[in-house]
Protein chains: 2
Amino acid sequence: MPSCSWDRSLAVTTDIVIFTIRDRRLALLLVKRTEAPFQGEWALPGGFVGPDEGLKACATRALDEQTGMSGVYLEQLYTFGDPGRDPLQRVISIAYYALVPSDRLALRAPAEPQAVGWFALEQLPPLAFDHCEIVALAHHRLVSKLTYSTIAFQFMGEKFTLSELQAVHEIILAQRVDKRNFRKWALALEQIEPTGEERRDGKHRPAQLYRLKFPGRVEIIR
Amino acid sequence: MPSCSWDRSLAVTTDIVIFTIRDRRLALLLVKRTEAPFQGEWALPGGFVGPDEGLKACATRALDEQTGMSGVYLEQLYTFGDPGRDPLQRVISIAYYALVPSDRLALRAPAEPQAVGWFALEQLPPLAFDHCEIVALAHHRLVSKLTYSTIAFQFMGEKFTLSELQAVHEIILAQRVDKRNFRKWALALEQIEPTGEERRDGKHRPAQLYRLKFPGRVEIIR
DNA sequence: GCGATTAGTGTATAAAATACACTAATTTTA
DNA sequence: TAAAATTAGTGTATTTTATACACTAATCGC
């Protein structure tokens with residue numbers, strides 16, 4: 001079955017589930033579609049894969065063009081290609097997910113002006129295409145990776161406290177964790193180190209700041 | 001960047017890493033290419049995704065057409081799409097991996113006659129395209145899943161002994177495991193049950209035969 | 001200086017994983 | 001037909017890992 005049996009309407013795209021922690025909730029970024037199909041509805045950012053463009057490069061470019069973010073953690077998730085997932089043409093989409101530190105949520109005005117916004121995962125609007133399924137899979141992957149990798153560290157800014165790191169875990173797992181056990185676990189990984197500085201905010205004891213020893217690196221643990 | 005910027009040479013394919021246990025080794029199935037590029041070289045089986053064909057359906061069809069096998073465990077692995085991975089056209093390939101029970105290795109004469117054969121993973125010939133990378137990733141995924149799922153059960157025939165199941169684990173992990181601990185682990189999963197029959201072979205005590213309670217089902221454990 | 005608030009620390013218990021050696025049943029051979 | 005050879009089958013003790021749990025420390029605002 002050679003490729004020439006295709007008419008011109010085959011397309012390959014990437015879709016990106018961009019997670020962050022916002023207002024103590026797991027949130028993701030959506031864009032409002034400006035074209036058919038699903039015009040005016042919310043969808044995952046993404047774009048068509050260019051003729052000489054790698055898949056991850058396409059996701060990186062879409063991320064930059066539509067949100068102004070770059071240098072964030074980005075990993076391939078799954079490929080969706082059911083015929084009929086786009087009513088107008090056959091689209092095969094390689095889904096990625098990205099994790100954005102809380103200190104980099106500022107959205108640059110996008111190249112193609114369009115509505116862009118952060119939504120709490122628990123309060124998403126209806127999504128175009130099969131994007132709801134993609135989000136569900138990405139969420140599942142994230143929760144699962146939390147328990148056997150250092151992926152959550154990618155949500156942290158350059159400097160962070162152990163309490164902040166713990167809060168990120170609690171938000172993603174949607175359950176409280178024991179403070180002493182968490183700190184034991186986090187420090188035993190040998191992936192973070194104290195900066196020597198402290199963070200003071202509020203009327204309480206200041207907290208030691210930590211940084212990643214290997215920014216951008218995600219270790220498989222256990 | 002709309003899809004019409006593509007010329008006709010975009011293609012989407014699936015490639016399948018078909019694992020089995022053969023001669024007490026982890027082995028996989030390769031086909032000899034009959035067309036350019038890489039004509040005459042060994043490659044993973046696979047095929048072009050049809051205009052109205054789902055991705056998994058494409059992999060299933062390729063598996064059937066090129067090897068005569070059907071009904072085996074099949075899971076999406078990763079999508080490879082570097083420009084230049086095929087020298088003649090832009091090809092984006094969704095890789096799958098399949099696990100074949102040892103009692104189903106008979107290869108039907110393929111629809112399009114071509115050389116097909118099983119190769120020990122440790123003694124693969126040079127492979128076409130980036131298939132070596134695909135195999136490496138599939139192998140990594142398999143080893144990794146072994147420790148947190150019941151995936152190895154998919155290598156077993158309809159009836160099997162605990163020693164045979166243990167051997168499969170030892171072959172994939174490339175290390176011996178303790179017999180008593182392994183049996184404790186395997187039985188505690190509650191995924192297998194005795195058939196009541198015994199297997200006699202050789203001059204030794206016969207072994208209890210077991211079967212899967214839920215054939216085709218892979219449980220995440222731990 | 002006292003109240004409020006969050007940061008920071010250790011130990012005891014429970015659960016899980018690991019290490020380890022003999023008896024049982026069968027076939028072959030002497 | 002008894003002994004040798006071979007693989008099947010079984011339990012317990014030890015180590016490691018995970019969990020549960022409560023108080024002191026430092027700062028800010030009043």
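Proteins come first, then strands; the chains are lettered A, B, ... in the order of their sequence lines, and each starts at number 1.
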**Item:** Between P of D/dT17 and CD1 of A/I221, the distance in whole Å
**Value:** 14 Å

**Request:** Please check the phosphate of D/dA8 (OP1 and OP2 only) for any side-chain N or O of B/S163 closer than 4.0 Å.
**Result:** yes

**Message:** A side-chain contact here means heavy atoms from C-beta on lying under 4.5 Å apart; do B/K145 and B/V218 qualify?
**Reply:** no

**Asked** Just wondering, do B/I16 and B/L29 contact through their side chains at under 4.5 Å, heavy atoms?
**Response** no

**Item:** Side-chain heavy atoms of B/I221 within contact of B/W185, under 4.5 Å
**Value:** yes

**Message:** Please report the distance, rounded to the nearest Å, between CZ in A/R222 and C1' in C/dA17.
**Reply:** 12 Å

**Prompt:** Quick one: does B/T161's side chain get under 4.5 Å of B/E198's, heavy atoms only?
**Reply:** no

Which pairs would a plain distance check flag for residues 124-131 of chain A, meaning a side-chain donor or acceptor within less than 3.5 Å of a matching protein atom at least two apart in sequence or in another chain?
from: A/D130; atom 1: OD1; to: A/R85; atom 2: NE; distance (Å): 3.3
from: A/D130; atom 1: OD1; to: A/R85; atom 2: NH2; distance (Å): 2.9
from: A/D130; atom 1: OD2; to: A/R85; atom 2: NE; distance (Å): 2.8
from: A/H131; atom 1: ND1; to: A/L44; atom 2: N; distance (Å): 3.0
from: A/H131; atom 1: NE2; to: A/D15; atom 2: OD2; distance (Å): 3.4

**Asked** Between B/R199 and B/E197, is there a salt bridge with N-O shorter than 4.0 Å?
**Response** no

**Request:** Specify the separation, in whole Å, of atom OH of A/Y210 and atom P of C/dA7.
**Result:** 12 Å

**Prompt:** Could you give the CD-to-C1' distance, from A/Q166 to C/dT9, as a whole number of Å?
**Reply:** 14 Å

**d(CG, B/L173; P, C/dT18) in whole Å** = 12 Å

**Fill in**
Note: A/V100 and A/F155 closest approach over all heavy atoms is O-CD2, 3.6 Å

**Request:** Please round to 10 degrees the angle between the axis of the first five pairs and the axis of the last five pairs in the helix from C/dG1-D/dC30 to C/dA30-D/dT1.
**Result:** 10°

**Asked** So do A/L137 and A/Y97 actually touch side chain to side chain, heavy atoms under 4.5 Å?
**Response** no

**Request:** Would you mind reading off the distance between B/W185 atom CH2 and D/dG11 atom C1', rounded to a whole angstrom?
**Result:** 20 Å

**Fill in**
Here the pair of heavy atoms bringing A/L77 nearest to A/I134 is CD2-O, 3.8 Å

**Request:** Please report, rounded to the nearest Å, how far the P atom of D/dA8 is from the CG atom of B/L165.
**Result:** 12 Å

**Asked** Tell me, for nucleotides 20-30 of chain D in 5' to 3' order, what letter each nucleotide earns: B for a base near a protein heavy atom under 4.0 Å, S for only sugar-phosphate near one, - for neither?
**Response** BBB--BBBB--

